[in-house]
A.B. asks: 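Before we start, here is the structure in question, set down as structure tokens.
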Protein chains: 2
Amino acid sequence: MKKKGRGGGAITMGDIARHAGVSPMTVSRALREPGTVSDKMRRKVDAAVRQFGYLPNRIAGSLSSRRSNIVGLVVPSIRNSLYASMIQSVSDVLRANGLHLIIADSGHSLAEEEALVAALLAQRVCGLVLHNTVHSKRGCDLVRVAGVPVVETGNLVARPLDMAVSYSNFDAAKAMTVHLGRLGYRKIGFVTLPLRDNDRSKERRRGYLAALKELGLPVDHDLVLEAVGGLNEGADALVRLMQTGSDIDAVFFAGDVLALGALFECQRRGWNVPGRIAIASFDDLDLLRHTVPTVTTLRVPRAEIGRRSAELLVNRLRGAPPERVRIDVGFEIVQRDST
Amino acid sequence: MKKKGRGGGAITMGDIARHAGVSPMTVSRALREPGTVSDKMRRKVDAAVRQFGYLPNRIAGSLSSRRSNIVGLVVPSIRNSLYASMIQSVSDVLRANGLHLIIADSGHSLAEEEALVAALLAQRVCGLVLHNTVHSKRGCDLVRVAGVPVVETGNLVARPLDMAVSYSNFDAAKAMTVHLGRLGYRKIGFVTLPLRDNDRSKERRRGYLAALKELGLPVDHDLVLEAVGGLNEGADALVRLMQTGSDIDAVFFAGDVLALGALFECQRRGWNVPGRIAIASFDDLDLLRHTVPTVTTLRVPRAEIGRRSAELLVNRLRGAPPERVRIDVGFEIVQRDST
DNA sequence: CTGTTAGCGCATTCAC
DNA sequence: GTGAATGCGCTAACAG
């Protein structure tokens with residue numbers, strides 16, 4: 001059983017117009033700018049819309065208006081809860097402003113990020129949020145040529161593609177290391193996440209090393225480890241550091257999951273924290289406030305980063321002049337029982 | 001160069017065609033079906049595409065072909081890591097098949113889900129994945145009228161809108177409760193997540209009650225608590241249950257974060273687990289394998305749910321006949337040290 | 001294999 | 001305040 005000869009497809013604005021006895025243009029206006037249409041017309045349109053369960057075709061609308069009202073977001077990993085609160089706040093601000101969000105996951109790969117940026121731009125997103133701050137040459141070119149506003153959020157880069165909202169990974173890691181030094185720890189290990197194509201990891205390690213220098217402590221390369229994410233990796237790293245033979249007294253993990261894994265390993269082995277070994281973390285995963293002992297960490301205002309990023313995009317889309325913006329949201333050291 | 005005026009905007013397929021000395025249609029084909037175009041033509045097109053950094057406008061393509069190649073996914077909360085692995089596998093399968101994904105977050109609200117479904121359908125998504133299985137009347141109508149394939153994943157409903165890939169929350173909760181009974185626990189508490197508009201929570205509680213009956217244990221309503229998510233809530237619930245005065249010996253938490261919060265509370269108070277109180281959880285959060293003690297839980301194959309959901313959509317989009325599908329991925333009880 | 005014609009469903013721009 | 005004409009950039013369907 002097909003519809004009338006009228007090409008069986010979905011209901012269009014024209015159909016609604018016909019059934020409401022008005023022109024398609026009036027339907028379009030009644031839906032987007034109800035104020036510019038007389039009450040009588042609007043009621044007729046609304047009735048027909050409800051009757052048919054009509055949903056305007058935004059694809060056609062976007063093509064015609066040359067605006068998609070969709071923002072693209074690329075994070076290194078959707079699974080990492082770290083990004084979740086940022087995603088949420090970006091999403092909330094955009095929705096409050098009638099914009100939609102496409103989230104993509106680059107899997108920490110530069111090539112994948114490039115492919116995703118291309119795909120998003122091909123969808124004609126009207127703005128981008130990129131967590132990574134290291135991009136392929138072509139990725140940069142694509143963004144520049146497209147001319148859409150872009151916010152980079154993973155690290156406060158000196159010269160962003162367009163806008164940046166973040167904190168300094170260098171300053172944060174340095175501050176935490178100095179904090180440990182001031183607490184009296186002298187042999188401070190450091191476990192970094194993979195450094196490849198990752199600005200943030202590199203900056204954190206740089207911060208750690210700069211702090212040692214400032215504290216007048218020697219750099220012991222046996223005390224610096226690289227680990228991929230995960231609880232097991234954190235546990236392994238801790239054990240390896242303890243076995244170096246050096247009298248290591250604290251470990252700073254550049255990722256909260258690593259720190260957590262290490263803490264659990266200590267619980268399993270009965271190593272007192274911080275008595276036998278102190279543990280510090282990066283990023284205030286909610287859990288760190290609940291473990292026994294609670295874990296000292298760096299708090300980064302992830303939600304604020306998301307909110308302000310989205311606000312910048314919204315403003316730009318509303319006509320704010322394109323100017324380089326660089327917002328430092330800062331960070332905070334949360335001293336708890338593990339150090 | 002008369003009409004081309006550089007101010008006009010982005011580069012179009014027509015521009016590429018002109019510069020490559022071919023027709024727009026050849027450009028279109030060279031990009032989408034390179035095999036159907038001669039080598040010579042394809043090389044000319046590729047050269048022009050690279051020279052201008054051309055990205056085809058998918059909005060125009062979608063409007064013309066009446067296919068968006070975008071799938072919509074609605075989850076109750078992006079922040080919940082539970083959904084993350086499902087999202088990831090959906091995303092992977094879709095991308096491998098040239099489809100994109102829009103993720104939306106309903107905040108556990110029925111009204112919000114309806115609004116999101118409407119927005120996604122207005123974007124003319126070619127498929128939907130809905131985690132929630134309770135929908136508003138209008139939400140159901142919208143989906144049905146749109147005629148796009150839909151997969152529901154949160155609970156294995158008897159009569160899905162279209163397709164369902166999930167496990168039975170009832171069976172799972174019942175199985176775990178029976179498992180606890182068989183281990184010898186006689187006073188088994190239950191902490192549920194909010195029940196409102198939430199099929200999954202209701203089914204889990206039903207399963208718990210059915211198990212008590214099967215075990216021949218009395219139902220003590222003081223031992224059933226409702227808690228919103230979060231570590232604190234889990235801790236609070238545990239303490240309240242312990243203070244009922246009844247000699248409660250085990251608690252089954254219908255959410256992994258709740259269980260974790262309870263476990264940490266036990267660590268803080270020095271309550272032996274499972275000696276003084278046994279703890280069981282729902283959903284195999286990675287952490288539960290690492291805590292001290294490790295936590296008994298229900299493992300649900302979240303990634304498989306995502307993968308199979310996406311595969312069903314892909315098949316349907318490739319022309320598979322619309323038939324009601326109902327896939328039970330099952331679950332597994334993971335017995336660990338907390339019980 | 002390649003090109004031509006004719007829309008896709010809406011919003012912009014102008015008349016009225 | 002309303003409507004008619006026009007085209008957004010691309011692809012389906014056909015013709016050559």
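A note on names: the letters A, B, ... follow the listed sequences, proteins ahead of strands, and every chain is numbered from 1.
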A.B. asks: Can you tell me the distance, in whole Å, between the CD1 atom of B:I11 and the C1' atom of D:dC8?
C.D. replies: 17 Å

A.B. asks: For B:T26 and for B:L63, find the nucleotide of DNA chain C with the closest heavy atom, then tell me which residue's nucleotide is more 5'.
C.D. replies: B:T26

A.B. asks: Using whole Å, report how far CG of B:D15 lies from P of D:dC8.
C.D. replies: 11 Å

A.B. asks: Rounded off to whole Å, could you give me the CZ-to-P distance for the A:R18 and C:dG9 pair?
C.D. replies: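 Atom CZ in A:R18 sits about 12 Å away from atom P in C:dG9.
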
A.B. asks: Restricting to side chain to side chain contact (heavy atoms under 4.5 Å, CB included), what partner residues turn up for A:R318, sequence neighbours left out?
C.D. replies: A:N97, A:V314

A.B. asks: OP1 or OP2 of D:dG9 versus the side-chain N and O atoms of B:Y54: is any pair under 4.0 Å?
C.D. replies: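 No.
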
A.B. asks: Through what angle, rounded to 10 degrees, does the axis of the helix from C:dC1-D:dG16 to C:dC16-D:dG1 turn between its ends, using five pairs per end?
C.D. replies: 30°

A.B. asks: Are any of A:R66's side-chain N or O atoms less than 4.0 Å away from OP1 or OP2 of D:dG9?
C.D. replies: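 A:R66 to D:dG9 OP1/OP2: side-chain N or O found under 4.0 Å.
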
A.B. asks: In terms of heavy-atom contacts, does CZ of A:R326 have more than 12 from other residues, nucleotides or ligands at under 6.0 Å?
C.D. replies: yes

A.B. asks: Suppose the criterion is ring-ring contact (aromatic ring centres under 6.0 Å, His included): which pairs have a residue in residues 10-61 of chain A, not counting sequence neighbours?
C.D. replies: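 Sorted pair list: A:H19-A:F52.
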
A.B. asks: Tell me: CD1 of B:I59 to C1' of C:dA11, nearest whole Å?
C.D. replies: 13 Å

A.B. asks: Whole angstrom is fine here: how far is it from CD in A:Q123 over to P in D:dC10?
C.D. replies: 13 Å

A.B. asks: Table please: side-chain donor-acceptor pairs of residues 149-163 of chain A below 3.5 Å, with sequence neighbours left out.
C.D. replies:
from: A:E152; atom 1: OE1; to: A:L161; atom 2: N; distance (Å): 2.7
from: A:E152; atom 1: OE2; to: A:H135; atom 2: NE2; distance (Å): 2.8
from: A:T153; atom 1: OG1; to: A:H131; atom 2: ND1; distance (Å): 3.3
from: A:N155; atom 1: OD1; to: A:N169; atom 2: N; distance (Å): 3.2
from: A:N155; atom 1: OD1; to: A:N169; atom 2: ND2; distance (Å): 2.7
from: A:D162; atom 1: OD1; to: A:R316; atom 2: NH2; distance (Å): 3.1
from: A:D162; atom 1: OD2; to: A:V150; atom 2: N; distance (Å): 2.9
from: A:D162; atom 1: OD2; to: A:R316; atom 2: NH1; distance (Å): 3.3

A.B. asks: Pairs of donor and acceptor atoms involving the side chains of residues 70-82 of chain A, under 3.5 Å and at least two apart or interchain, shall be tabulated with distances.
C.D. replies:
from: A:S77; atom 1: OG; to: A:R79; atom 2: N; distance (Å): 3.2
from: A:S77; atom 1: OG; to: A:N80; atom 2: N; distance (Å): 3.4
from: A:N80; atom 1: OD1; to: A:L82; atom 2: N; distance (Å): 2.9

A.B. asks: Taking the basic N atoms (NZ, or NE/NH1/NH2) and the acidic carboxylate oxygens, is any pair closer than 4.0 Å for B:E112 and A:R95?
C.D. replies: yes

A.B. asks: Under a 3.5 Å distance rule, please check whether A:R124 uses its side chain to pair with a backbone N or O of A:L121 as donor and acceptor.
C.D. replies: yes

A.B. asks: Once each nucleotide of nucleotides 11-16 of chain D is scored for protein heavy atoms under 4.0 Å, what B/S/- sequence comes out, 5' to 3'?
C.D. replies: BB----

A.B. asks: Rounded off to whole Å, could you give me the CG-to-C1' distance for the A:L31 and C:dG9 pair?
C.D. replies: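 Going from A:L31 (CG) to C:dG9 (C1'), I get 13 Å.
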
A.B. asks: Salt bridge check: are B:D141 and B:R138 linked by an N-O gap of less than 4.0 Å?
C.D. replies: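 Judged by the 4.0 Å cut-off on N to carboxylate O distance, B:D141 and B:R138 do not form a salt bridge.
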
A.B. asks: Are A:R32 and A:S28 linked by a side-chain donor-acceptor pair shorter than 3.5 Å?
C.D. replies: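 Yes, side-chain donor-acceptor contact under 3.5 Å.
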
A.B. asks: Atom CD1 of B:I16 to atom C1' of D:dC10: distance rounded to whole Å?
C.D. replies: 14 Å

